[in-house]
A.B. asks: 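Just dropping this structure here.
Letters go in sequence order (proteins before strands), and every chain restarts at 1.
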Number of protein chains: 2
Amino acid sequence: MKIAPTWEYGLRCLLQIARAQEEKSLSIPQVAREEGLSVAYVGKLLNRLGKAGIIQGRRGRRGGYVLAKDAAAISLYEVFQALADPLSRFEDCQSYPGALQECIHMVQNTCSILPVWRRLDLLVKRTLSSVTLQEVLKEGTAYEQNREWVNGQNSAALLVKQA
Amino acid sequence: MKIAPTWEYGLRCLLQIARAQEEKSLSIPQVAREEGLSVAYVGKLLNRLGKAGIIQGRRGRRGGYVLAKDAAAISLYEVFQALADPLSRFEDCQSYPGALQECIHMVQNTCSILPVWRRLDLLVKRTLSSVTLQEVLKEGTAYEQNREWVNGQNSAALLVKQA
DNA sequence: AAAATACTTGACTCATGAGTAATGATTTGA
DNA sequence: TCAAATCATTACTCATGAGTCAAGTATTTT
């Protein structure tokens, strides 16, 4: 699947702020320098995270950003929701009718392809919701070394439709 | 998650061709009229599906499109792969380094956020691969009425990371 | 206070995918 | 054979998200 640049860059900046914790706040220029991104761009991304209540900014001479709540209480889902362009948040089963009044793929009063969208949407949401920022921070110890997580062998058995 | 217009429109056009089977081929104008889309747009979408070997076009007076293989042998994954813009197919763990030579989020020689991308990518691929066009056609009978499919309750248990 | 640092906000430019338009090539049928 | 119908191909326009720019506001330090 396609990962939006906003997601990757935003998450990386957020990880830095999270790692710097211990009451040390990080300024936009600091994060930008470390990540090799422009100050303006980092400012925009962190601003979105701030408005979503994930991090908290403090202006002034010794200002900067700090996590607004514990890393264990921040799910990747809310992070990506915050980073997405304000006009294109996740939506439930968004659908495009075209020029017609109504989709013609209706069987017994239901659109026949809606379940596919629902399924995908649900999977992504559930996956992102189940991972917290703290878990991503503790790499090499937690979920990443778990073969289950990486190639999802067992869970795959349930994802395949029941014959 | 965001469903690309190309996906929805393309799949709908494909479903029509699949339903029309019985040796009846559908022309681009026919499909366009039924779906309420422009002839040019439908032509573009079906052209992509044709190049991917999913449908087969025949020119001339009584030409049109027919499925190139059995509906049961066509997975949604290959359909979406075919419909995607040629330059932006699915990629494995696409990553954006920024201006730096190397991502700085490396813990023990691994990027700490890569597993998240891998996970998402795998889930989507696996889900789409497990559904065939034939199943989408037979609505109201197969997977859609299965509560498991719609809200994924049981499978969710495995998706949540193992404590 | 005043100056320096840093977040905030809104408008702007640019790349990319959505959707259109026009032309060429192939088959059918009269 | 010729014309109509149809797919094939390429170039184009337009909307949207990525990323930039610039001016404004708040806080700290001197």
A.B. asks: Across the strands shown, which category fits A/Gly43 at heavy-atom distances under 4.0 angstrom: base, sugar-phosphate, nothing?
C.D. replies: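 No contact at all - A/Gly43 keeps every heavy atom at 4.0 Å or more from the nucleic acid.
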A.B. asks: State which residues pass side chain to side chain contact (heavy atoms under 4.5 Å, CB included) with B/Ala52; sequence neighbours excluded, sorted by chain then number.
C.D. replies: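 Listed in chain order: B/Ile54, B/Ala82.
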A.B. asks: Within the 4.0 Å heavy-atom criterion, would you say B/Ile28 contacts the bases, only the backbone, or no part of the nucleic acid?
C.D. replies: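 Answer is sugar-phosphate: B/Ile28 comes under 4.0 Å of backbone atoms only.
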A.B. asks: The test is side-chain contact (heavy atoms from CB on, under 4.5 Å); show your working for B/Asp85 and B/Thr6 and say whether it passes.
C.D. replies: CA-CA 9 Å; B/Asp85 203 296; B/Thr6 308; over 6 Å; no
A.B. asks: According to a strict under-4.0 Å criterion, is A/Ser38 in side-chain N/O contact with OP1 or OP2 of D/dT20?
C.D. replies: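 Yes, A/Ser38 has a side-chain N/O under 4.0 Å of OP1/OP2 on D/dT20.
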A.B. asks: Looking only at side-chain atoms of B/Ala40, point me to the closest of D/dT20, C/dA21, C/dG19.
C.D. replies: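 So the nucleotide nearest the side chain must be C/dA21.
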A.B. asks: Between A/Leu83 (CG) and D/dG17 (C1'), how many Å, whole number?
C.D. replies: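 Those two atoms, CG and C1', are 14 Å apart.
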A.B. asks: Starting at CG of B/Leu45 and ending at C1' of C/dG17, how long is that distance when rounded to a whole Å?
C.D. replies: 12 Å
A.B. asks: Given atom CZ of A/Arg48 and atom P of C/dT9, what is their separation to the nearest angstrom?
C.D. replies: 13 Å
A.B. asks: Among residues at least two apart in sequence or on other chains, which ones pass side chain to side chain contact (heavy atoms under 4.5 Å, CB included) with A/Ser38?
C.D. replies: A/Ala40, A/Tyr41
A.B. asks: Distance check needed: C/dT9 C1' versus A/Lys44 NZ, whole Å only.
C.D. replies: 11 Å
A.B. asks: What is the distance, to the nearest angstrom, from the CG atom on A/Leu26 to the C1' atom on C/dA6?
C.D. replies: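 Spelled out: CG on A/Leu26 to C1' on C/dA6 is 13 Å.
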A.B. asks: Each nucleotide N or O in nucleotides 27-30 of chain C that has a protein N or O under 3.5 Å away: list the pair and distance.
C.D. replies:
unit_1 : atom_1 : unit_2  : atom_2 : d
C/dT27 : O2     : B/Arg61 : N      : 3.1
C/dT28 : OP1    : B/Arg58 : NH2    : 2.5

A.B. asks: Partners of B/Ala68 by side chain to side chain contact (heavy atoms under 4.5 Å, CB included), sequence neighbours excluded?
C.D. replies: B/Gln56
A.B. asks: Counting just side-chain N and O atoms, does B/Tyr65 come under 4.0 Å of either OP1 or OP2 of D/dA8?
C.D. replies: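 Yes, because at least one side-chain N or O of B/Tyr65 sits under 4.0 Å from OP1 or OP2 of D/dA8.
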A.B. asks: I'd like to check the side chain to side chain contact (heavy atoms under 4.5 Å, CB included) partners of B/Ser25; sequence neighbours left out, ordered by chain and number.
C.D. replies: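 With neighbours one apart ignored, the set is B/Val66.
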A.B. asks: Does D/dA18 have OP1 or OP2 sitting under 4.0 Å from an N or O in the side chain of A/Thr6?
C.D. replies: yes
A.B. asks: With a 4.0 Å cut-off on N to O distance, would you call A/Lys69 and A/Glu78 a salt bridge?
C.D. replies: yes
A.B. asks: Go through D/dT6, C/dA18, D/dA18 for me and flag the one nearest to the A/Pro5 side chain.
C.D. replies: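 Taking heavy atoms from C-beta onward, the closest nucleotide is D/dA18.
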A.B. asks: Which nucleotide wins on minimum distance to the side chain of A/Asn47, given the candidates C/dG19, C/dA21, C/dT9?
C.D. replies: C/dT9
A.B. asks: Checking the side chain of B/Gln30 only, and the main-chain atoms of B/Ser27 only, is there a donor and an acceptor separated by less than 3.5 Å?
C.D. replies: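 Yes, the answer is positive, given that a donor and an acceptor are paired below the 3.5 Å cut-off.
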